[in-house]
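Before any comments, here is the structure.
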Amino acid sequence: MKKERKYQKAVLTPGEVAKRSGVAVSALHFYETKGLISSTRNGGNQRRYNRDVLRRVAIIKIAQRIGIPLATIGESMMDSPPDKRISMQAWAEMTQQWREELDRRIQTLTRLRDQLDGCIGCGCLSMRDCPLRNPDDRLSQQGTGAILLESGIEKDADEL
């Protein structure tokens, strides 16, 4: 009786990568246009991906899930060629950068949550009493958006 051997394929089709990674084929093409992953072409001009692309796509998905923009992911992956496996050292450097970004976001969200508690509790959203107030639009000179939530602005806002 002949033994059946299972060999791992050296390259994967876009459909196989999509199925194994849980992303759409169109997302793979998009990642490729952004330089996050790369493919080769076979004799029939069809895309083929090295198996290492699965790790890269997993990293992209993890980063996106925690809110890291694709541009930042791309910058983090710049030192690792898109057709090569990301080293443990490169991964450690990426996660350190992302950790710092996450810490900043957590601080901002915590501040927002704490400031919203008062408004949610009383329901008034009073321009006089609300911690998110901006009487006479004084903060407009400092920029657009919810700048009371930006770090370093609270000191200036307390003087209003």
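FYI, the numbering just counts along the sequence from 1.
Side chain of Arg105 to main chain of Gly67: a donor-acceptor pair is present (N/O by atom type, distance under 3.5 Å, no hydrogens or angles).
The CD1 atom of Ile59 sits 13.0 Å away from atom CD1 of Ile68, with the distance rounded to the nearest 0.5 Å. For the atom pair CG of Leu54 and CZ of Arg56, the computed distance is 12.0 Å after rounding to the nearest 0.5 Å. Summarising the geometry, atom CG belonging to Asp52 is positioned 12.0 Å from atom CD1 belonging to Ile37; distances are rounded to the nearest 0.5 Å.
For the side chain to side chain contact (heavy atoms under 4.5 Å, CB included) criterion with Val17, the lone passing option out of Leu12, Asn50, Val11 is Leu12. The side chain to side chain donor-acceptor pair (under 3.5 Å) test with Ser39 singles out one residue from Gln46, Glu32, Arg48, and that residue is Glu32. When each of Gln96, Gln89, Gln97 is checked for a side chain to side chain donor-acceptor pair (under 3.5 Å) with Glu93, only Gln89 meets the rule.
Listed here is the closest heavy atom pair of Ile86 and Trp91: CG2-N, 4.0 Å. The two residues Ala18 and Leu28 have their closest heavy-atom pair at N-CD1, 3.8 Å.
Looking at Thr72 and Glu101, their side chains never come closer than 4.5 Å, going by heavy atoms from C-beta outward. Side chains of Ile60 and Met77 form a contact here, defined as non-hydrogen atoms less than 4.5 Å apart. Side-chain contact check for Leu70 versus Phe30: some heavy-atom pair is nearer than 4.5 Å. Two residues are said to be in side-chain contact when any heavy atoms from C-beta on lie closer than 4.5 Å; Pro69 and Gln64 fail this criterion.
Cluster annotation: Leu36 is connected to Ile66 through the hydrophobic network of ILVMFWY side chains, with a link wherever side-chain heavy atoms come within less than 4.5 Å.
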List the steps and the verdict of side-chain contact (heavy atoms from CB on, under 4.5 Å) for Thr13 and Tyr49. CA-CA 6 Å; Thr13 67; Tyr49 294 99; over 6 Å; no
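Every residue two or more places apart in sequence or in another chain was checked for a side chain to side chain donor-acceptor pair (under 3.5 Å) with Thr40, and none qualifies. In this structure Lys61 satisfies the side chain to side chain contact (heavy atoms under 4.5 Å, CB included) test together with Val23, Val57, sequence neighbours excluded.
Heavy atoms from other residues, nucleotides or ligands lying under 6.0 Å from CZ of Arg99 number 12 at most. For Arg65, the CZ atom counts as loosely surrounded, since its 6.0 Å shell holds 12 or fewer non-hydrogen atoms of other residues, nucleotides or ligands.
Taking the charged nitrogens against the carboxylate oxygens, Glu16 and Arg20 have no contact shorter than 4.0 Å, which rules out a salt bridge.
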